[in-house]
Amino acid sequence: MPEIPEMENYRSMILRTVTGKQIAGVWVERPKTINVTIAEFTAALHGQVIDNVTRRAKLLVFHLRGGLYMVTHMMLDGRMYYGAAGDSEGLPGKPHVIIGFSDDTRLFFCDLGLGFLHLVNSSGLERELDGLGIEPLSPEFTLGNFTGLFTKRRGVVKPLLMDQKLIAGLGNAYSNEALFAAGILPDRKIPDIGPGEMEKLWQAIPRILREAVSNGGYIEEKYAVWDNRSGGQIPHFMVYDRGGEPCRVCGNPVRETKLNGRWTYFCNICQH
Ligand SMILES: [Zn+2]
């Protein structure tokens with residue numbers, strides 16, 4: 001599932017390609033992807049200009065000039081693609097919603113599955129973003145706020161790192177990486193983790209996310225024919241998706257197991 005670096009990668013490319021352009025056509029191939037009728041959706045978007053795109057957690061928010069917002073979540077397999085009307089061979093999946101612009105380019109939302117595209121006003125936007133936790137790349141992500149999230153919690157560390165109500169936008173890949181960087185095994189219980197280890201974990205999270213943003217995230221599918229950036233994070237992963245491969249620090253095979261239903265990767269020499 002795309003996490004902060006992947007959504008930031010999409011955001012920067014969307015800002016470069018579609019902001020300031022007028023929407024000239026809307027095609028909805030899968031009605032359950034949107035929250036209103038197809039007629040309402042197309043009527044509201046037609047003629048609008050996308051002024052800005054922001055991110056909160058794993059959501060992207062398209063700011064439309066008329067005051068409405070389009071909120072999208074990719075969930076597991078959702079991908080976006082930008083191209084010309086005839087570029088459909090390069091699509092990363094089945095297009096569920098297509099937004100066309102007056103210069104004849106198109107933004108394709110593919111394979112959204114449980115993902116969505118919701119059209120909302122400002123109070124609707126507040127509801128969409130309600131209850132999300134701290135952004136790890138924001139100034140609010142202080143050591144005090146981070147450790148405060150875990151006081152009185154007795155659970156296992158990795159599922160808590162992925163809890164969107166605590167930390168927003170951190171998912172499976174980067175929680176594995178942050179725990180490796182901090183030398184903490186993913187199934188450790190919170191009360192058994194010392195303050196020094198918590199501080200290492202707090203430092204690792206934004207550092208790893210920023211590195212992955214600058215590497216282009218791990219989504220391999222291209223955003224456009226010219227996109228040679230997406231997926232650049234993959235060779236930099238220390239443990240994620242590297243089960244059985246040698247640990248980049250000690251050479252022992254990276255372990256792979258399921259924890260709370262999610263594939264979990266760690267080195268039992270480098271992590272304690
Ligand atoms: Zn190791």
Side-chain angles (χ1 to χ4, degrees), residues 1-9 57-58 76 133-137 141-151 153-164 166-221 229-272:
M1 183 187 295
E3 302 175 35
I4 287 172
E6 291 68 41
M7 297 316 284
E8 281 294 332
N9 189 46
K58 300 172 186 172
L76 276 183
I134 305 179
E135 281 288 330
L137 297 183
F141 194 72
T142 60
L143 178 59
N145 284 343
F146 176 70
T147 52
L149 297 174
F150 301 104
T151 26
R153 287 190 188 266
R154 312 204 53 80
V156 168
V157 61
K158 181 169 170 273
L160 288 170
L161 289 182
M162 293 169 59
D163 185 338
Q164 297 301 296
L166 302 180
I167 303 171
L170 195 62
N172 197 36
Y174 298 102
S175 56
N176 277 301
E177 291 293 296
L179 287 163
F180 177 82
I184 299 169
L185 286 168
D187 63 351
R188 288 270 299 280
K189 293 224 168 92
I190 293 292
D192 303 332
I193 301 177
E197 291 177 302
M198 283 306 264
E199 187 169 352
K200 271 192 183 170
L201 185 57
W202 166 72
Q203 284 172 334
I205 291 168
R207 178 174 59 75
I208 279 165
L209 292 172
R210 284 200 179 94
E211 282 169 7
V213 170
S214 67
N215 290 331
Y218 70 76
I219 296 292
E220 288 178 279
E221 290 88 351
R229 204 178 126 73
S230 297
Q233 168 61 23
I234 295 169
H236 297 279
F237 278 131
M238 297 298 276
V239 287
Y240 176 69
D241 210 16
R242 297 192 65 242
E245 292 174 42
C247 169
R248 297 195 202 280
V249 174
C250 74
N252 258 53
V254 170
R255 302 297 179 103
E256 178 180 17
T257 183
K258 271 204 171 173
L259 183 62
N260 276 35
R262 300 302 303 272
W263 284 111
T264 298
Y265 304 88
F266 59 94
C267 173
N268 64 350
I269 305 292
C270 297
Q271 290 166 265
H272 305 279

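Heads up: numbering here begins at 1 and tracks the sequence. Just so you know, ligand 1 is whichever comes first in the structure, and atom 1 is the first atom listed for that ligand. The structure presented is a predicted model; accordingly, all values stated were derived computationally and were not measured.
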Problem - Sequence neighbours excluded - ring pair (Phe, Tyr, Trp, His ring centres under 6.0 Å) pairs with any residue from residues 246-272 - result: Tyr240-Tyr265
Problem - Separation between CG of Leu179 and CG of Leu201, rounded to the nearest 0.5 Å - result: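 Taking CG in Leu179 and CG in Leu201, the distance rounds to 5.5 Å.
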Do any side-chain atoms of residues 204-212 form donor-acceptor pairs under 3.5 angstrom with protein atoms, and if so which ones, sequence neighbours left out?
from   : atom 1 : to     : atom 2 : distance (Å)
Arg207 : NH1    : Glu211 : OE2    : 3.4

Handout entry: Side-chain ion pair, Lys58 and Glu6, N-O less than 4.0 Å
Key =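 Result for this pair is no, no salt bridge flagged.
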Completion exercise
One checks the Zn ion (ligand 1) and counts protein N, O or S atoms under 2.8 Å, reaching 4
Practice task
Apply side chain to side chain donor-acceptor pair (under 3.5 Å) to Asp192 and list each qualifying residue two or more places apart in sequence or on a separate chain.
Solution key: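 Result, side chain to side chain donor-acceptor pair (under 3.5 Å) vs Asp192: none returned.
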Practice task
Ignoring hydrogens and angles, state whether a donor on the side chain of Lys158 or Thr264 is under 3.5 Å from an acceptor on the partner side chain.
Solution key: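 Yes - a donor-acceptor pair under 3.5 Å links their side chains.
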